[in-house]
Amino acid sequence: MAQEWHKLTELTGSRAIRVERVRLEKTGITIEGDFELPPLARLSAEDQVFVAAFVRSHGSIKQMEQFFGVSYPTIKNRLNRLGGQLDFVEIESAPIEADVLALIERGEISVDEAIEKLKKKER
């Protein structure tokens, strides 16, 4: 099955494709329509291997450097590029409470100022 997937990727040349027919192997049920591939499946074969390696290495950039034989900035740049292509996951910014605590820890605001910031957030 993996070889068939690779052949499909070579055949399409990383161009966008749509799926019009799906057959469920165990039941033999066939569904026809116009289906868009999930975001990960739209990545090139090479990028899919990279993402799989990243997951298998538990997100260890050090292991990724060793596996692909490239530098930390190269891995980070590729992750940033792929992250831009996989915008289906919304990542919220850190909660304001964490930001306020960080300001206190760095001595940039007083506790009273932090309380005011948190009160403003609640309003």
Side-chain angles (χ1 to χ4, degrees):
M1 183 77 123
Q3 289 178 346
E4 292 169 5
W5 163 76
H6 185 66
K7 288 178 185 177
L8 178 62
T9 304
E10 285 178 2
L11 178 67
T12 61
S14 297
R15 291 182 299 269
I17 63 172
R18 303 288 289 190
V19 175
E20 294 182 350
R21 184 174 175 183
V22 176
R23 185 175 55 84
L24 305 175
E25 282 187 32
K26 291 186 179 184
T27 64
I29 295 172
T30 300
I31 305 166
E32 292 193 25
D34 186 23
F35 307 103
E36 188 174 323
L37 292 174
L40 287 172
R42 286 184 244 143
L43 295 176
S44 70
E46 186 177 299
D47 284 343
Q48 288 182 30
V49 168
F50 183 86
V51 170
F54 189 71
V55 171
R56 292 289 307 256
S57 71
H58 303 280
S60 168
I61 293 178
K62 187 175 193 94
Q63 285 183 6
M64 294 293 287
E65 289 176 276
Q66 293 170 354
F67 183 72
F68 288 99
V70 296
S71 67
Y72 177 91
T74 302
I75 298 294
K76 288 296 286 187
N77 287 336
R78 189 158 184 191
L79 287 170
N80 288 333
R81 181 180 57 78
L82 290 170
Q85 293 177 40
L86 300 174
D87 59 355
F88 64 96
V89 176
E90 279 275 324
I91 300 175
E92 293 183 25
S93 59
I96 192 166
E97 291 84 358
D99 294 339
V100 170
L101 288 174
L103 291 171
I104 293 171
E105 285 178 345
R106 292 192 302 262
E108 295 177 21
I109 63 172
S110 68
V111 173
D112 290 335
E113 290 170 313
I115 291 170
E116 279 305 308
K117 283 185 177 289
L118 293 173
K119 282 182 181 177
K120 285 180 186 175
K121 182 199 179 247
E122 288 176 6
R123 294 183 200 144

Hey, any chance [X] and [Y] share a hydrophobic cluster, counting ILVMFWY side chains that come within less than 4.5 Å of each other, even indirectly?
X	Y	answer
Phe68	Val51	yes
Leu37	Phe35	yes
Ile115	Ile104	no

Any heavy-atom pair between the side chains of [Y] and [X] that's under 4.5 Å?
X	Y	result
Glu116	Ile109	no
Asp99	Lys117	no
Leu82	Arg78	yes

- Can any side-chain N or O of Arg21 pair as donor or acceptor with the backbone N or O of Thr30 at less than 3.5 Å? no
- Item | Side-chain donor or acceptor of Gln66 paired with backbone N/O of Gln63 under 3.5 Å | no
- Message: If I take atom OG from residue Ser57 and atom CD from residue Glu65, how far apart are they, to the nearest 0.5 angstrom?
- Response: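 The CD atom of Glu65 is 10.5 Å from OG of Ser57, to the nearest 0.5 Å.
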- Item | OG1-CD distance between Thr27 and Glu25, expressed to the nearest 0.5 angstrom | 9.5 Å
- Item | Closest heavy-atom pair and its distance - Met64, Phe50 |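 Residues Met64 and Phe50, closest heavy atoms: CE-CE1, 3.4 Å.
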- Contact summary for Gln48 and Leu43, nearest pair of heavy atoms: NE2-O, 2.8 Å
- Message: For Arg56, is the CZ atom crowded, meaning more than 12 foreign heavy atoms sit under 6.0 Å from it?
- Response: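 Atom CZ in Arg56 is not packed in, count stays at 12 or less.
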- Task: Decide side-chain contact (heavy atoms from CB on, under 4.5 Å) for Glu36 and Arg42; before the verdict, give the C-alpha distance in whole Å, the side-chain angles of both, and the deciding distance to 0.1 Å.
- Result: CA-CA 9 Å; Glu36 188 174 323; Arg42 286 184 244 143; 3.0 Å; yes
